[in-house]
Amino acid sequence: MIEIDLLPEELKLNRKKSLLNIQSFLYIIPLIIGILIFVHVIFFCVQIFISGNLFTLQNKWKMLEKDRKSYEDFKKEFDSKNMDTNALQAVAGKYSLWAGKLDRLGLSLPSGVWFTDISVSQDTFILKASVVSLDKDEVSLINEFLTKIKEDADFMSAFTNIELGAMQRRQISSYDIVDFTISGKLK
């Protein structure tokens, strides 16, 4: 069969170019499919690698479970001891304040007066003491002591009030001894 093509050259369909385009299309399709398969294989390998890491990490987690429980027990014990430590520090701070106050008491103590008992509760302070005087002026020594501690601003800073309590006279040999109590309310 003879084919006559009367079209000008620029409009004529070039059979060689069209065959070339179809052949290049036939090469591009397998190349694209090959690239997609390669990408899928890479993703599959990455997924296997990540799964292996996950499995390894899960095994490590199981092995560390016992250590984690012992750590949590230790942390609970440490926290409870830490609270005890904080309480001890608070008490130690109070004791250091009381050390100064006891020193002030000792400095304001007249001769012939001695302490028999000192007790401090949460809101009260009780001081039991005895006094002996050869001049028979026990009450004036007690009043002198009480006046000195009331005038001491550092000592009185922790108290709202200090009062003289009961006084009781007793005799040992030929000496008169007066036992007395001083009580105070803590701030």
Side-chain angles (χ1 to χ4, degrees), residues 46 49-187:
V46 167
F49 178 73
I50 290 173
S51 308
N53 282 346
L54 178 65
F55 181 73
T56 304
L57 290 175
Q58 285 174 341
N59 286 340
K60 283 183 181 178
W61 181 258
K62 287 178 185 176
M63 289 176 10
L64 294 174
E65 186 75 23
K66 187 171 93 175
D67 292 339
R68 186 177 59 86
K69 286 182 182 179
S70 66
Y71 167 74
E72 287 175 358
D73 293 340
F74 172 75
K75 186 174 181 200
K76 286 178 187 176
E77 183 180 335
F78 178 76
D79 288 343
S80 68
K81 286 186 179 180
N82 195 18
M83 289 186 337
D84 293 343
T85 304
N86 292 340
L88 284 174
Q89 287 174 346
V91 169
K94 288 181 182 178
Y95 279 130
S96 66
L97 293 175
W98 278 106
K101 296 205 182 308
L102 292 175
D103 185 42
R104 294 280 187 188
L105 278 175
L107 291 174
S108 58
L109 196 63
S111 63
V113 178
W114 67 92
F115 302 136
T116 57
D117 186 39
I118 297 175
S119 62
V120 179
S121 67
Q122 242 178 338
D123 59 348
T124 58
F125 167 77
I126 298 173
L127 170 69
K128 293 180 182 177
S130 298
V131 61
V132 65
S133 174
L134 298 175
D135 297 332
K136 305 284 187 208
D137 61 345
E138 294 91 359
V139 176
S140 65
L141 287 174
I142 293 171
N143 287 333
E144 178 187 343
F145 174 64
L146 194 58
T147 304
K148 281 184 181 179
I149 62 173
K150 282 185 176 181
E151 288 175 353
D152 188 353
D154 289 336
F155 181 78
M156 288 300 292
S157 65
F159 299 99
T160 58
N161 186 14
I162 288 187
E163 298 175 348
L164 179 63
M167 291 191 294
Q168 185 176 2
R169 187 174 297 273
R170 64 185 166 111
Q171 191 168 17
I172 297 179
S173 296
S174 63
Y175 297 104
D176 284 336
I177 297 175
V178 176
D179 296 323
F180 65 96
T181 304
I182 295 178
S183 60
K185 294 282 183 191
L186 296 173
K187 289 183 181 178

K.L.:
Can F145 and L127 be said to form a side-chain contact (heavy atoms from CB on, under 4.5 Å), step by step?
P.N.:
CA-CA 12 Å; F145 174 64; L127 170 69; 3.7 Å; yes

K.L.:
As a quick check of understanding, evaluate side-chain contact (heavy atoms from CB on, under 4.5 Å) for N59 and F55, giving each step before the final call.
P.N.:
CA-CA 6 Å; N59 286 340; F55 181 73; 3.2 Å; yes

K.L.:
If I take atom CD1 from residue I126 and atom OG1 from residue T181, how far apart are they, to the nearest 0.5 angstrom?
P.N.:
8.0 Å

K.L.:
Testing the basics here: between S130 and I177, what is the closest heavy-atom pair and its distance to 0.1 Å?
P.N.:
CB-CG2, 4.0 Å

K.L.:
In this structure, are over 12 heavy atoms from other groups packed under 6.0 Å from K150 atom NZ?
P.N.:
yes

K.L.:
Run the numbers on R169 and E138 for side-chain contact (heavy atoms from CB on, under 4.5 Å), then give the verdict.
P.N.:
CA-CA 10 Å; R169 187 174 297 273; E138 294 91 359; 3.4 Å; yes

K.L.:
Using side-chain heavy atoms (C-beta onward) and a distance below 4.5 Å, is F180 in contact with V113?
P.N.:
yes

K.L.:
Does L57 CG have over 12 foreign heavy atoms under 6.0 Å away?
P.N.:
yes

K.L.:
For E65, does the CD atom sit with more than 12 other heavy atoms under 6.0 Å from it, leaving out its own atoms?
P.N.:
yes

K.L.:
Check whether any side-chain heavy atom of L105 lies under 4.5 Å from a side-chain heavy atom of L109, and answer yes or no.
P.N.:
no

K.L.:
Tell me if the CZ atom of F115 is crowded by more than 12 foreign heavy atoms within 6.0 Å.
P.N.:
yes

K.L.:
Looking at CE of M63 and NZ of K60, how far apart are the two atoms once the value is rounded to the nearest 0.5 Å?
P.N.:
8.0 Å

K.L.:
In Å and rounded to the nearest 0.5 Å, what is the CG to OG1 distance from D152 to T147?
P.N.:
12.5 Å

K.L.:
Any sub-3.5 Å donor-acceptor pair from K101's side-chain atoms to D154's backbone N or O?
P.N.:
yes

K.L.:
State, yes or no, whether a side-chain contact exists between Q58 and L54 at a heavy-atom distance under 4.5 Å.
P.N.:
yes

K.L.:
Counting neighbours of CH2 on W114 that are heavy atoms of other residues, nucleotides or ligands and sit closer than 6.0 Å, is the number greater than 12?
P.N.:
yes

K.L.:
Could you give the distance from NZ (K128) to CD1 (I182), rounded to the nearest 0.5 Å?
P.N.:
13.0 Å

K.L.:
For side-chain contact (heavy atoms from CB on, under 4.5 Å), just list the numbers for V139 and V178, CA-CA rounded to whole Å, side-chain angles, deciding distance to a tenth of an Å, and then say yes or no.
P.N.:
CA-CA 8 Å; V139 176; V178 176; 5.8 Å; no

K.L.:
Is the shortest side-chain N to carboxylate O distance from E72 to K76 below 4.0 Å?
P.N.:
no

K.L.:
Rounded at 0.5 Å granularity, tell me how far CD1 in I142 sits from CG in D137.
P.N.:
10.0 Å

K.L.:
To the nearest 0.5 Å, what is the distance between CG (L107) and CG (L102)?
P.N.:
11.0 Å

K.L.:
What pair of heavy atoms forms the shortest contact from P110 to L141, and how long is it?
P.N.:
CG-O, 3.8 Å

K.L.:
Report yes or no: does S173 contribute a side-chain atom to a donor-acceptor pair with the main-chain N or O of Y175 at less than 3.5 Å?
P.N.:
no

K.L.:
Judged by atom type as modelled, is there a donor-acceptor pair below 3.5 Å linking the side chain of S108 to the main-chain atoms of I149?
P.N.:
no

